[in-house]
Number of protein chains: 4
Amino acid sequence: MVPVEARRRTVPPPTVLTRPGDEPTAAALLAAAVEVMAVNGYHGSSVRDIASAAGTSPAVLYHHYESKQGLLVRLCDRGLDVLLRATEDALDDAGPDPADRLGAIVEAHVRVHMDSQRESLIGNSELRALEAPGRALVVAKRDAQQRLFDRVVRDGVRSGRFTTAHPDEASRFITTACTGVATWYRRGGPLTDDDVVTRHRAIALDAVGCGR
Amino acid sequence: MVPVEARRRTVPPPTVLTRPGDEPTAAALLAAAVEVMAVNGYHGSSVRDIASAAGTSPAVLYHHYESKQGLLVRLCDRGLDVLLRATEDALDDAGPDPADRLGAIVEAHVRVHMDSQRESLIGNSELRALEAPGRALVVAKRDAQQRLFDRVVRDGVRSGRFTTAHPDEASRFITTACTGVATWYRRGGPLTDDDVVTRHRAIALDAVGCGR
Amino acid sequence: MVPVEARRRTVPPPTVLTRPGDEPTAAALLAAAVEVMAVNGYHGSSVRDIASAAGTSPAVLYHHYESKQGLLVRLCDRGLDVLLRATEDALDDAGPDPADRLGAIVEAHVRVHMDSQRESLIGNSELRALEAPGRALVVAKRDAQQRLFDRVVRDGVRSGRFTTAHPDEASRFITTACTGVATWYRRGGPLTDDDVVTRHRAIALDAVGCGR
Amino acid sequence: MVPVEARRRTVPPPTVLTRPGDEPTAAALLAAAVEVMAVNGYHGSSVRDIASAAGTSPAVLYHHYESKQGLLVRLCDRGLDVLLRATEDALDDAGPDPADRLGAIVEAHVRVHMDSQRESLIGNSELRALEAPGRALVVAKRDAQQRLFDRVVRDGVRSGRFTTAHPDEASRFITTACTGVATWYRRGGPLTDDDVVTRHRAIALDAVGCGR
DNA sequence: GATGAATGAGATTTCATTCAT
DNA sequence: GATGAATGAAATCTCATTCAT
């Protein structure tokens, strides 16, 4: 079901989701799920695919996770925590100028979508595969992230620093475009990571009508 | 596999993809596939789901389409044709001012993503489910659409009408954000279709640094 | 289901089974069935395979034959008629010497299994696919052919010309071996058709203990 | 698909193919496959037929065998191993006289085709159902068996013990006829197993022109 | 009389998950 | 706690056959 390359056994642990305290098998399974699901999607990835990408068996997976769905929830949840945390940290470190603040969170958002590209991809495209209880949790965090952007943009408009007539739409415009980075970004592509960040900052500021 | 609501039989025919000359069953199947796959994705939608949403049986589906994969290819291909055609028509009708031209194609792009929301959703999120031969075709059309935007933005920069320092990235920024409309748009939401269009035109022009 | 080579449309009509009076379509279908079933067996050949090897559609097949099973019966029945007729003719033309008579029917049997190789193959290996009514008919003709051999061998033993102590077993030994020709014979192989015939005659005579 | 009688559960374990070390379920499935396929052929036997003849479900079959095709390969391969081994053992135990040697391998060949009648039947008639990789393996073993006979017959001719002018054809004549035993033999028929063996030995010796 | 659509059963195979050991 | 077997439902797709036109 899963193409050849996803079956390799030695999966470099996607460090973002693995914390030292975790049991290594559970972490390997989560990492394998990221690998496999990023390529084939939730419904296109079988429990056997995931388990064997982690070098174990389905039975082991069920020892660590309640279900395939549970694995997805954990995966999305952690991914969003990373994103939210990075964005909040950026705000904490930024000064008061709305342009600086928007630039900082664009940078955070873009960097996470490059560094944890696969988790981000899954968190975006597999929302529909989430069942009710987990979905609510994930949607809530997703909305929280959006509201962080909304607030910064509104503040900028209120202060006159940004001139856009449509702050909420501009805010969504920006997060959507920056989230899309996970779709096309390839490490080693024509732009360095810093290039990508710089340009997205610049364009985002333009998009809110911020003559720098 | 597919939740109850996706099984309803009364599917408003997604007129964009159905031409009067088509055999009605084949068209109904295509329409049903759009309905079902937009909700559950390609791998999450069974052939039985699709067939019964069209009021027939899997065997009938295989009489009209080579495979489930073939159905997806047809669906994506037609969807992109609609998008490309709309964008090209918009350029043909637009005047020479780069701002008008960009506004026109943003409008076309956004309208297609609202009018044919489900096809657009599938065409975007199920690229990975496409197998080699069909995938190339679809990717080619997708790239063609992007290049239409790239050219307009570059022209605007060359003529001095747009001031962005990163025309290609801005171009992708804009298409990504406008494509995302299919993700969140709900008919009858707080904004009219015209509102959505107007605001995206405005933000897109800001994003390329076009003081109007 | 059927490998590539069996799908070609231009099937040289296997003249043995086609008589000038037949409707050409019915004959083409029979010929196609021989082609396809010889390669894939009855259960391995679909009605669609057969029809398209004949350049038509399943519906046409059902216009000419009652069912797939009916086609098989017709095919086996005609094949055995050819075999029986050839063997009887050989006996009619042969002189009184048992050695000549056995030689003559071995030649007839072997020639039919080379000339109508595919029909013979099917007639032998698809007996089990025949359902009750047709099966009886075919088995009866098969037994009749065996009895022709049995009688010749017994006559030879009675007259002292053959010395085998086991005439019936020798008879079956010979028909089994000669029927097997259809299994391995390839036109253009190392032996000419006449070689094959000559050698089988000689060995068969040895097998009944006939010092020539 | 398979008629009633083939569905009975009480299958006498075909001990030839079942070794004590085997997992019982895998062995039962192999035994059931032999039963069912001997009656209906490979394409005429469904995975469900086989599984339920073994008292399990298709899913269990796929836990033990890669595919229906894989089951066939295993079955043919083991059957031919038994045949080859029996023939080689017979040669090892036989004295130097070519007549004894031919008699010994005819006996071995015939006995295997009576004792493991169904495996032999399948191994002979389902060669065409074997797909490329497995087919080569099976054909190779089949050829090896033929060569054992060829060598014995040639030796007999070289030493002057056999007088046939066509050793290779006589050799094939004999194996074909002896293989055919699996086609008509019924336990409890008019001849005892020893009778069948004795008579085939005698006729085979006649067929190579061996005046005893 | 010929053709394309339809049909309902059934084909092989895979699924997520559980259970003994 | 870990493993291989088992399970029953469901996956995609094909079957022989019939029916309108």
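Because the structure is a prediction, the values reported are computed rather than measured. Proteins get letters first, then strands, A, B, ... in listed order; numbering begins at 1 in each.
Put simply, OH on Tyr65(C) is 17 Å from P on dT18(F), counting in whole angstrom units. Atom CZ in Arg48(D) sits about 15 Å away from atom P in dT14(E), given to the nearest Å. In this structure, Asp49(A) places its CG atom 10 Å from C1' of dT14(E), rounding to the nearest Å. As rounded to whole Å, 13 Å separates atom P of dA2(F) from atom CG of Leu61(A). Atoms CG (Leu72(C)) and P (dT17(F)) sit 12 Å apart, rounded to a whole Å. Look at CD1 on Ile50(A): it is 17 Å from P on dT14(E), rounded to the nearest Å. Rounded to a whole Å, the CG atom of Leu29(D) is 14 Å from the P atom of dT13(E). Taking atom NE2 of residue His43(C) and atom C1' of nucleotide dA16(F), one finds them 13 Å apart after rounding to whole Å.
Counting only heavy atoms from C-beta on, Tyr62(C) has its side chain closest to dA16(F) among dA16(F), dT7(F), dT13(E). Of the candidate nucleotides dT14(E), dT17(E), dG4(F), dT17(E) has the atom lying nearest to any side-chain atom of Ser67(A). Among the nucleotides dA11(F), dG8(E), dA9(F), the one closest to any side-chain atom of Ala59(B) is dG8(E). Among the nucleotides dT13(E), dT12(F), dA16(E), the one closest to any side-chain atom of Pro58(D) is dT13(E). Candidate nucleotides dT17(E), dA6(E), dA11(E) were compared by shortest atom distance to the side chain of His64(B), and dA6(E) ranks first. Picking from dA11(F), dT3(F), dA16(F) the nucleotide with the shortest atom distance to the side chain of Val60(A) gives dT3(F). The listed nucleotides are dT13(E), dA9(F), dC13(F); the one nearest the side chain of Lys68(D) is dT13(E).
Taking CG of Leu30(C) as the reference point, atom CG of Leu71(C) lies at 6.0 Å (rounded to 0.5 Å). Between atom CG of residue Leu29(B) and atom CD1 of residue Ile50(B) there is a gap of 8.5 Å, rounded to the nearest 0.5 Å.
For the pair Glu66(D) and Ser57(B), nearest-nucleotide mapping onto DNA chain E gives the more 5' position to Ser57(B).
Glu35(C) is listed as a side-chain neighbour of Arg118(C), based on a closest heavy-atom distance under 4.5 Å. Using a 4.5 Å cut-off on side-chain heavy atoms (C-beta onward), Asn40(B) and Asp49(B) make no contact. The closest side-chain heavy-atom distance from Arg128(B) to Tyr42(B) is not below 4.5 Å.
Nucleotide dT7(F) is matched to dA16(E) when pairs are restricted to Watson-Crick or G-U wobble geometry with both distances under 3.5 angstrom. Pairing for dT21(F) goes to dA2(E), judged as Watson-Crick or G-U wobble with the two contacts each under 3.5 Å.
Between Arg78(C) and Glu119(C) no salt bridge is recorded (no basic side-chain N to carboxylate O distance below 4.0 Å).
Among the protein residues, Val47(B) comes within range of the sugar-phosphate backbone only, with heavy atoms under 4.0 Å from sugar or phosphate atoms but none that close to a base.
Residue His63(B) has no polar side-chain atom (N or O) positioned under 4.0 Å from OP1 or OP2 of dA6(E). Using a 4.0 Å cut-off, some side-chain N or O of Thr25(B) falls inside it from OP1 or OP2 of dA6(E). Checking the phosphate oxygens (OP1, OP2) of dC15(E), a side-chain nitrogen or oxygen of Ser46(A) falls inside 4.0 Å.
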